[in-house]
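Okay, here's the structure, questions in a sec.
Position 1 is the first residue of the sequence, and the numbers go up from there. Nothing here was measured: the structure is a model prediction, and the numbers come from that model.
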Amino acid sequence: MDFQKLAEAVVEGNVKKVKGLTEKLLSEGIRPDIILNEGLLKGMQKVSDRYKEKDFYIPEVLLSSRAMQAGFHIIKPLIEDNSTSALPHKVVIGTVAGDLHDIGKNLVSLMLKSRGFHVIDLGIDVPPEDFVEAVKKHQPDILAMSSLLTTTLAIIPETIRLLKKEKYRDKVKIMVGGAPVTKDYARAVGSDGYAHDAINAVVVALDLVKS
Ligand code: B12
């Protein structure tokens, strides 16, 4: 199966193979979001599992992320072009200060774009002040924060406190996610929504802009 081969190529960190297989699947008419979920993401999941089991270390993880991103770059414009609903809703997204993980955040951003959201991506290592500035400047419907490290989780409530202080909290919905974030944590720090993956992030975002 080519999806399995693609996932394996991500695990191997083989950029050339990932590009070739992604292009092959596309030429066979497979939808880009399916290639993303069934191939590239399955591969990244295996990498995460191996890292957890201490079978993979940072250099291997970096090689795999680079290979995954190579496939992601091929399908990204296709998913973005596919956005049909063209909702006028805006999302400001970023990974919190101190945290450089961006694979998950980029996927959430891509999935939101594919459903017609206008996404303003502040990148990684974003301090509360910059989130708040972006909310003032862009007036988004949703502020989305990603945190992959327990050590940077506190940036989420800090940002919410600053938004309150600046009287902007009630002007924006807040959605949070990332491996250590849970539904209970999201609620406890006063955010409006949480999702454990990029697909559910879209469901939650659509729900937030409705309410
Ligand atoms: C890849 C990776 C890296 C790469 C990051 C590359 C990159 N460009 O992102 C590199 C090698 C650079 C890295 C570095 C580090 N990492 Co790291 N890394 C990982 C790993 C293996 C996979 C993360 C990933 O990309 N997963 C795949 C994506 C698709 O999943 P995801 O990120 O979870 O995102 C999904 C959901 O969480 C959700 N989501 C994510 N964001 C958001 C936002 C919103 C709004 C919503 C709704 C949803 C949502 O949707 C996403 C898509 O489905 C994880 C292990 C793990 N189990 O998570 C460790 C992990 C996150 N890393 C960890 C650590 C400790 C580090 C380092 C400190 C290691 C070190 N000693 O140097 C550094 C930190 C550097 C820094 N300051 O940020 C720990 C964190 C532990 C903790 N609880 O704090 C983990 C959990 C590994 C572990 N078990 O120890 N890492």
Side-chain angles (χ1 to χ4, degrees), residues 33 36 69 72-73 75-149 152-211:
D33 57 323
L36 178 66
Q69 306 257 15
F72 181 70
H73 283 305
I75 59 176
K76 191 174 165 209
L78 303 172
I79 293 187
E80 283 173 351
D81 286 353
N82 237 356
S83 52
T84 45
S85 56
L87 293 173
H89 302 300
K90 239 189 253 176
V91 179
V92 162
I93 192 167
T95 299
V96 301
D99 190 343
L100 309 177
H101 294 85
D102 66 356
I103 298 171
K105 186 260 302 161
N106 291 346
L107 284 171
V108 171
S109 167
L110 180 66
M111 286 296 163
L112 288 170
K113 282 183 191 164
S114 78
R115 288 301 296 268
F117 282 88
H118 176 55
V119 180
I120 298 141
D121 190 340
L122 305 180
I124 52 174
D125 197 16
V126 182
E129 296 76 16
D130 290 8
F131 277 123
V132 174
E133 265 320 299
V135 168
K136 287 182 183 172
K137 182 172 167 200
H138 301 289
Q139 315 218 328
D141 301 272
I142 299 174
L143 170 63
M145 287 181 272
S146 177
S147 174
L148 266 285
L149 299 171
T152 59
L153 265 181
I155 301 292
I156 295 175
E158 241 181 78
T159 306
I160 297 177
R161 267 196 299 276
L162 191 58
L163 275 171
K164 276 187 189 151
K165 191 170 158 230
E166 300 286 320
K167 313 237 179 307
Y168 269 83
R169 174 63 188 96
D170 55 356
K171 294 189 171 65
V172 67
K173 300 279 185 190
I174 296 174
M175 183 166 86
V176 296
V181 182
T182 61
K183 201 172 188 170
D184 286 346
Y185 181 83
R187 198 176 304 128
V189 296
S191 65
D192 305 299
Y194 157 81
H196 72 278
D197 63 24
I199 307 222
N200 282 294
V202 174
V203 176
V204 171
L206 286 169
D207 202 44
L208 287 178
V209 294
K210 238 184 1 201
S211 56

*Under 4.5 Å between any side-chain heavy atoms of L149 and H101, yes or no?*
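Answer yes - side chains close enough.
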*With sequence neighbours excluded, what pairs up with E166 under the side chain to side chain donor-acceptor pair (under 3.5 Å) test?*
K136
*Heavy-atom side-chain proximity of V91 to P140 below 4.5 angstrom*: no
*asked:* Measuring only between side-chain heavy atoms, which start at C-beta, is V132 closer than 4.5 Å to K165?
replied: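 Side-chain contact under 4.5 Å: no.
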*Shortest non-hydrogen separation from L112 to M175 and the atoms involved*: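 Smallest interatomic distance, heavy atoms only, reads CD1-CE, 4.4 Å.
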*Roughly how far, to the nearest 0.5 Å, is NZ of K90 from CD of Q139?*
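Interatomic distance, Q139 CD to K90 NZ, rounded to 0.5 Å: 7.0 Å.
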*Rounded to the nearest 0.5 Å, what's the gap from CZ on F72 to CG on L107? Could you check?*
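If I round to the nearest 0.5 Å, the distance is 5.0 Å.
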*Quick check: does any side chain N or O of N200 sit under 3.5 Å from a backbone N or O of V203, one acting as donor and the other as acceptor?*
no
_Least distance between heavy atoms, D170 atom then K167 atom_ =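 Shortest heavy-atom separation between D170 and K167 comes out as OD1-O, 4.0 Å.
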*About how many Å separate CG of N106 and NZ of K113, when rounded to the nearest 0.5 Å?*
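Reported to 0.5 Å precision, the distance equals 8.5 Å.
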*Closest heavy-atom pair and its distance - V92, A134*: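 The answer is CG1-CB, 4.0 Å.
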*Taking D99 for its side chain and D125 for its backbone only, find out whether a donor-acceptor pair lies under 3.5 Å.*
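Flag not set: sc D99 to bb D125 has no pair under 3.5 Å.
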*Can you tell which of V181, I93, T95 makes a side-chain contact (heavy atoms from CB on, under 4.5 Å) with S146?*
T95
*Would you say I142 and H89 make side-chain contact, with heavy atoms under 4.5 Å?*
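They are not in contact (no side-chain heavy atoms under 4.5 Å apart), so the answer is no.
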_Under the side chain to side chain donor-acceptor pair (under 3.5 Å) test, residues paired with D141 that sit two or more places apart_ = none
*Return the minimal non-hydrogen interatomic distance between Y194 and V204, and the atom names on each side.*
O-CG2, 3.5 Å
*Roughly how far, to the nearest 0.5 Å, is the CZ atom of R161 from the CD atom of E158?*
6.0 Å
_Under 3.5 Å donor-acceptor, S109 side chain and K105 backbone_ =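 No; zero donor-acceptor contacts below 3.5 Å.
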*Taking the side chain as every heavy atom from C-beta outward, state whether M145 and I174 have any atom pair closer than 4.5 Å.*
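A side-chain contact exists here, since the closest heavy-atom pair is under 4.5 Å.
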_Non-hydrogen side-chain atoms of D102 and Q69 separated by less than 4.5 Å_ = yes
*With a 4.5 Å heavy-atom cut-off, do I155 and V126 have their side chains touching?*
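Result no, sub-4.5 Å side-chain heavy-atom pair not found.
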*With rounding to the nearest 0.5 Å, note down the distance linking CD1 in I160 to CG in L163.*
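If I round to the nearest 0.5 Å, the distance is 7.5 Å.
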*R169 and D192 ion-paired at < 4.0 Å*: yes
*Got L162 and Y168 here, is their nearest side-chain heavy-atom distance under 4.5 Å?*
no
_Closest heavy-atom pair and its distance - Y185, P157_ =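 Result for this residue pair: OH-CD, 3.5 Å.
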*Are any side-chain N or O atoms of S147 and backbone N or O atoms of G178, one a donor and one an acceptor, separated by less than 3.5 Å?*
no
*Interatomic distance, R187 atom CZ to T182 atom OG1 [nearest 0.5 angstrom]*: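 That separation rounds to 9.0 Å.
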_Nearest non-hydrogen partners of A97 and T152, listed with the distance_ = O-CG2, 3.3 Å
